Structures are given as C-alpha cells and as structure tokens.
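Here the structure is a predicted model, which means the values were calculated and not measured. Ligands are counted one by one from 1 in listed order, and the atoms in each one are counted from 1 as well.
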Amino acid sequence: MIKEITAQELNPEHFINEKIKDIQDIVGDGMAINALSGGVDSSTVTMLGHRALGKSLKTVFVENGLMREGEAEQVVGLFQEFGVEVDVVDARQEFFAALEGVDDPEEKREAITQTFYRTVFGRMVKESGAKYLLQGTILTDVDETVAGIKRQHNVFEQLGIDPQEAFGYRIIEPLVQLRKDGVRMIGKALGLPAELFERIPFPGPALAARVIGAATPERIETVRKATVIVEQLLKATEAFQYMAILHKDRVTGMRDGNRDFGQQIEVRCWESVDARTATPTHLSFETLEKLASELIRDVPGIVSVTYNIAPKPPSTIEAV
Ligand code: XMP
C-alpha cells in the first residue's frame, strides 16, 4: 500500500529534502538513468534526480516516434538552460516495429511498455553500467493499473513484476505518493519554469494513446498534426488537458465534388484537478467551429470532427 500525500498536506521543501536523501542512499556511488519526456512528472523527477545525483544521473529523451511536433528539440533545449544534459536516443524503428499490426488498446500499451523497459532501457543500462532507472510514476498511474482500467506504461511492482528480474535494473519512483497537483507544487519548488510545471499532462504511450486502432507512422503523423491545432486553439481555456484523437472508423465525406471516404478526429478538453475524475470543458460553439475548420483545412484526410461531451467516469481521459 502506497501512502498518499495530498496536495493540502504536502510540504514541498520537506518532501524534496527527504527524497533527495532517499535517492542518494539507494544509488550510493553508482549510476542511474532517467527518462525525460518533457511532461510534468518526468521533468520534476529529472530536477529532483539531478539535485540528488548530479553527474551520476544520465538523462535521456527517448525519441519513440510517438511524440508531439518538435518535442525533442524543445525539451533538450529547455533543460540545457538549467544545466541538464539530455541525450536523445533514436528508437523510432523499434517502437513502430513493436506496434505493427497491434490494434487492441491494452496490447498496444504492453508493446510500448516492453519496448521502453526491455529493449531500450535494457540496452542503455547494459551499455552505461547503471543499476537504477529513476522515473516519475504518480499515484494515479498506479491506481488505474491496479484497478485493471488501464495498464499505465510505467507500473510494475504493484502488478507483481520485479523490474530487476524482468529487465535487469531497479526502478526508483520518488513521486509515487503524489497526484498531479502535488507534483506541480514540487516542480515549482524545484525552480522549473511555469511553462514546464503547468504543462498539460501527456501520457507515456504518447500519441499512440490517441490513435484508435493501429499506430502506424502515417496515422501518428495525422494525429500529430491535429494535436498542434488543438493545443494551440485550446491553450487559452487553461483546461486540465486537451487533445486530438484519431478514430479508426472512416465516414463518407466529400471534397471538391467527389466522394472522400475520410477519417475522423475527436477533440477532448477536460476540467480536472487530479485526473481521477474529469468533465468536458464548456467550449463555445465558435471555438468548436474554429477547431473543425482548421482541422479539416490542415490535416490531410479529415472529413469529420467531433467533441466528446461524456465525463470520466465512464469515459477516461485518453481514448486508448
Ligand atoms: P486516463 O486516460 O487513464 O488518464 O483517464 C489519466 C491521466 O493519466 C495520463 N495517462 C498516462 N500517464 N502513463 C502515464 O504516465 C500512461 O500510460 C498514461 N495513460 C494515461 C493521462 O494523460 C491523464 O492525464
């Protein structure tokens, strides 16, 4: 049982000092690796890890081919400003090979998990001699995985999987007692700029969680283009999270007087505090129309745009 620390009872200074000491005690004079995606959780754990371990922590950005437009350059550039070197590991081929022909949501998540932890980190740990992987798992990830709702890509021990046995390294999770609101407080206290700790959450399986059906390079590219538009148009809402989802079903449309059996994008925009429950944002019809016209205009093959109005539960935040 993990003991939750709520945002109300969290004392950031105290928490940071305690976790720095824990990380130092575990790693000793060894080496650790950590994966930075640029999301709130991994950015926070990266800063915490560097405070604790300095040069004994190697930070990598795994380019899995599923990230948002320009993400690698943006994240590497930002962290360079704080004196954190980030190595980009190109694993695009490995991820797309593992995802080939995989349609089922949980099988997709499993393929991503195995590629991250067994293939990519397994190799890096061997090459670097590191014995620990530091990562930003939070309590919400654990809850949903244990409840069998969604297999979050980064949860092992609570499922009875020993990472040492399965992958050959130990996993350190300093944020696992917190939820998103608590992590934001820690990120802020560690000196992360607002553009990072206030970033909307982004899932570990990345854009593959936003493609219903097979995550091919082409379909990922479609949802990536749609994501740029949705993030730009909905930023001003200050909602908890917003996203574009590519549906699997095609619908009959028309373009230039011809039949176009095209694709559909579903837009979601969520009000939430901690991602456990969420309700759709009341967007104006004007905003919805703007979303539709830009998505149809700039994303090739899209003939239909919908807005999700169901709350979580029974919906979940990501579609996959
Ligand atoms: P769901 O879709 O389960 O999402 O309602 C709840 C929150 O978690 C994020 N999410 C993930 N985060 N690994 C993560 O680190 C994952 O596998 C994962 N799946 C979903 C999601 O974006 C939302 O903020």
Between [X] and [Y] (salt bridge meaning N to carboxylate O under 4.0 Å), is one present in this structure?
X    : Y    : value
R219 : E221 : no
R184 : E198 : no
R68  : E231 : yes
D298 : K225 : no
D104 : K108 : no
R118 : E165 : no
E318 : R210 : yes
E173 : K19  : no

*Polar contact flag, side-chain donor to acceptor under 3.5 angstrom, K180-Q241*: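 No, because no side-chain N or O of K180 sits under 3.5 Å from a partner of the opposite role on Q241.
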
_Please tell me whether F61 and F79 form a close aromatic pair, meaning their ring centres lie under 6.0 Å apart._
no

*Are Y117 and Y169 close enough that their ring centres sit under 6.0 Å apart?*
no

Protein heavy atom at shortest distance from [atom]:
atom                    : answer
atom 10 (N) of ligand 1 : Q152 OE1, 3.5 Å
atom 13 (N) of ligand 1 : H153 ND1, 2.8 Å
atom 4 (O) of ligand 1  : I317 CB, 3.8 Å
atom 14 (C) of ligand 1 : G204 N, 3.5 Å
atom 23 (C) of ligand 1 : Q241 OE1, 3.4 Å
atom 7 (C) of ligand 1  : A275 CB, 3.8 Å
atom 22 (O) of ligand 1 : E318 OE2, 2.5 Å
atom 19 (N) of ligand 1 : R109 NH2, 3.0 Å

*Check whether any heavy atom of R276 sits under 4.0 Å from an atom of ligand 1.*
no

_Could you check whether any heavy atom of P205 sits closer than 4.0 Å to an atom of ligand 1, since that is the contact criterion I want to use?_
yes

*For T140, is at least one N or O under 3.5 Å away from an N or O on ligand 1?*
no

*Do ligand 1 and F202 have nitrogen or oxygen atoms that lie under 3.5 Å from each other?*
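No: no nitrogen or oxygen of F202 is under 3.5 Å from one in ligand 1.
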
Backbone, side chain, both or neither: what part of [X] comes under 4.0 angstrom of ligand 1, heavy atoms only?
X    : value
D141 : side chain
P201 : side chain
E144 : side chain
T137 : neither

_Closer than 4.0 Å to some heavy atom of K150 - which atoms of ligand 1 meet that?_
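Reading through ligand 1 atom by atom, the close ones are 1 (P), 2 (O), 3 (O).
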
*Any atoms of ligand 1 less than 4.0 Å from a non-hydrogen atom of K312? List them with their elements.*
1 (P), 3 (O), 5 (O), 6 (C)

